[in-house]
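Report on one structure; see the data block that follows.
Position 1 is the first residue of the sequence; numbering continues from there.
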Amino acid sequence: MNGLRALTSGSPVGQTVANAGATRDAAAVRVPAVTGPQPPMLDDDVIRPAAPTCPAGLIGGAAYAGASGPPLMIIEGLERIFRTGERPAVDGVTLDVYEGELLALLGPSGCGKTTTLRMIGGFEQPDAGRIFMRGHDITDLPPEKRGIGFVFQDYALFPHLDVFENVRFGLNRLPRRQAEARVREMLELVGLSELAKRRPHELSGGQQQRVALARTLALAPSLVLMDEPFSNLDAAMRVETRQEVRALLKEAGSAGILVTHDQEEALALADRIVVMEAGKVCQIGTPDEIYRHPVSSFVASFIGRSNIVTGKAEGLGAETPFGRVELSKAVNGTVDLAVRPEQILLEPHEKGEAEVIGREYRGHDQLYWVRKGERRLLVISGPAEQIEVGARVNLRVCDCVVPINQDIGTLIAE
Ligand SMILES: Nc1ncnc2c1ncn2[C@@H]1O[C@H](COP(=O)(O)OP(=O)(O)OP(=O)(O)O)[C@@H](O)[C@H]1O
């Protein structure tokens, strides 16, 4: 979905920003005012209720290990039902975001990521649920009163303004010298001081992305929303730019919420990942937790790849089509198990239990498809191994396997 239109359509302010993306008319654009740790120039734009309306504390999901205080934002039971939909587009989303944390909303197309982001930004009104920022209920505030910054998918830079003027845009309420000092500071932060006089079309996609980020960060937001911000970049530029964006947000001390359907991007960039499916949050955790301890076959298959097999578990072991495997948690009964392709070793043997039916060389590793009885399994091995298609192999699982769908079995110990 086009991040700019998706994020902004449907609200007067949003509409203006969306139009700006099309017309590039600086005078017509109203960039949402934002607040943050410094400078204090936009504070009077933001409504601050006299007392917090929600107690600071963790609601939903796993805690962020890097948290040094209460959450910056608490989102509680957010719901959005479109008249055209058979089910809610967003269905009871509850999560929190900590100061300086980078959170990725990850899930397949249509699972409600953009709608969730639009509600956080104030461009879409929820049908139920509340959003609290530093303890204040901001659910009913317009976008420009929320203290939140935006980086749009197509950057929304003004082609007739140079880099310096693009970044200064939105700082026009500051005295000129103070605004210019802030722009210089931001350009230094994003490493574009040398290119201050260039127009957007004289920059690479990655540099344009940095200008857009500098323009947002100039307003010192405590939270920056980004909808598929790297989708316009080629693969190599995407990898480089996403690390830069992460570093810049960390340096600026701003938290970020990033919408992506790219699991590799979420794993590489985020402090925590919120996995969504059909409008609901199915798991929140660090990239490592999500990858190594998926809570369902959906998460196990969407984040990385998994062979889902059924096993008969007894404590920390289970009988499976691979023979006996060790489990990461003690369970009893019939359980589904997520076996990662890299956890399976292929041992060539002329009377092996399985047959190699496909092979894809990828340079850094190889994918093998093997058939055992009716089952088709995916295996990833190192690049040096050479097993021909048609060869017989034995399969060995070389690591602890994660039980999922625990309602099938009985969890007997953590
Ligand atoms: N304005 C709207 N009117 C009606 N239905 C909508 C509207 N916006 C979104 N939807 C529907 O809500 C659901 C969630 O859409 P949303 O854009 O939030 O998903 P997404 O996860 O961001 O998808 P993508 O990755 O494709 O952008 C989809 O079924 C979509 O068709």
Side-chain angles (χ1 to χ4, degrees), residues 62 263-264 266-267 273 275 277 282-362 364-414:
Q263 43 112 355
E264 187 189 307
L267 289 170
I273 298 174
V275 186
E277 185 194 15
C282 24
Q283 189 170 2
I284 304 177
T286 63
D288 186 58
E289 282 164 357
I290 299 273
Y291 189 81
R292 298 206 312 140
H293 301 286
V295 295
S296 67
S297 52
F298 168 76
V299 178
S301 303
F302 189 74
I303 316 294
R305 297 165 91 162
S306 285
N307 299 292
I308 308 294
V309 300
T310 305
K312 262 258 183 269
E314 202 183 323
L316 282 167
E319 290 302 331
T320 74
F322 306 104
R324 192 162 179 81
V325 299
E326 280 179 50
L327 301 179
S328 61
K329 283 180 187 173
V331 290
N332 278 341
T334 305
V335 283
D336 282 350
L337 304 167
V339 185
R340 296 288 186 192
E342 64 272 20
Q343 289 183 313
I344 304 174
L345 286 183
L346 298 182
E347 295 171 336
H349 191 281
E350 58 185 23
K351 291 194 178 137
E353 61 192 295
E355 179 191 355
V356 175
I357 56 171
R359 176 179 165 215
E360 191 178 302
Y361 184 74
R362 301 198 301 176
H364 45 76
D365 59 22
Q366 302 182 80
L367 303 185
Y368 286 100
W369 284 269
V370 299
R371 187 167 47 217
K372 183 180 179 204
E374 295 299 302
R375 284 207 65 98
R376 201 165 167 268
L377 299 161
L378 178 65
V379 178
I380 298 180
S381 71
E385 196 161 28
Q386 299 285 339
I387 306 176
E388 297 303 324
V389 173
R392 304 292 308 181
V393 288
N394 283 326
L395 308 173
R396 190 154 62 83
V397 175
C398 60
D399 198 1
C400 279
V401 169
V402 178
I404 51 177
N405 297 342
Q406 282 154 6
D407 46 318
I408 300 172
T410 316
L411 187 66
I412 57 176
E414 269 301 319

Hey, what do you get for [atom1] ([X]) to [atom2] ([Y]), rounding to the nearest 0.5 Å?
| X | Y | atom1 | atom2 | answer |
| --- | --- | --- | --- | --- |
| E314 | E319 | CD | CD | 9.0 Å |
| S296 | E277 | OG | CD | 6.5 Å |
| N332 | T334 | CG | OG1 | 10.5 Å |
| S306 | Y291 | OG | OH | 7.0 Å |
| L377 | N307 | CG | CG | 5.0 Å |
| I290 | R292 | CD1 | CZ | 13.0 Å |

side-chain contact (heavy atoms from CB on, under 4.5 Å), paired with L378, selected from V370, V339, L367: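 The passing option is L367.
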
Passing candidate, side-chain contact (heavy atoms from CB on, under 4.5 Å) with V379, options I344, I387, V393: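 Only one of I344, I387, V393 forms a side-chain contact (heavy atoms from CB on, under 4.5 Å) with V379, namely I344.
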
E355 and R371 ion-paired at < 4.0 Å: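 Salt bridge present between E355 and R371.
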
Can you name the nearest heavy-atom pair linking [X] to [Y], along with the distance?
| X | Y | result |
| --- | --- | --- |
| R392 | E350 | CG-O, 3.4 Å |
| R324 | G317 | NH2-CA, 3.6 Å |
| C282 | V299 | SG-CG2, 4.2 Å |
| A330 | L316 | N-CD2, 3.5 Å |
| A318 | A313 | CB-CA, 3.8 Å |
| H349 | N394 | CB-ND2, 3.7 Å |

Residues Q263, R305; criterion side-chain hydrogen bond (donor to acceptor under 3.5 Å, both in side chains); working and verdict: CA-CA 11 Å; Q263 43 112 355; R305 297 165 91 162; over 6 Å; no

N/O donor-acceptor pair under 3.5 Å between R376 side chain and I357 backbone: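 Looks like no, no N/O pair under 3.5 Å.
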
Side chain Q366, main chain E385, donor-acceptor under 3.5 Å: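 Yes: the side chain of Q366 pairs with the backbone of E385.
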
Heavy-atom side-chain contact between V309 and D336 under 4.5 Å: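 Answer no - side chains too far apart.
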
Close side-chain approach of R340 and P294, heavy atoms under 4.5 Å: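 Yes - at least one pair of side-chain heavy atoms lies under 4.5 Å apart.
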
Stepwise side chain to side chain contact (heavy atoms under 4.5 Å, CB included) test for E347 and E353: CA-CA 10 Å; E347 295 171 336; E353 61 192 295; over 6 Å; no

Stepwise side chain to side chain contact (heavy atoms under 4.5 Å, CB included) test for L346 and L395: CA-CA 5 Å; L346 298 182; L395 308 173; 3.4 Å; yes

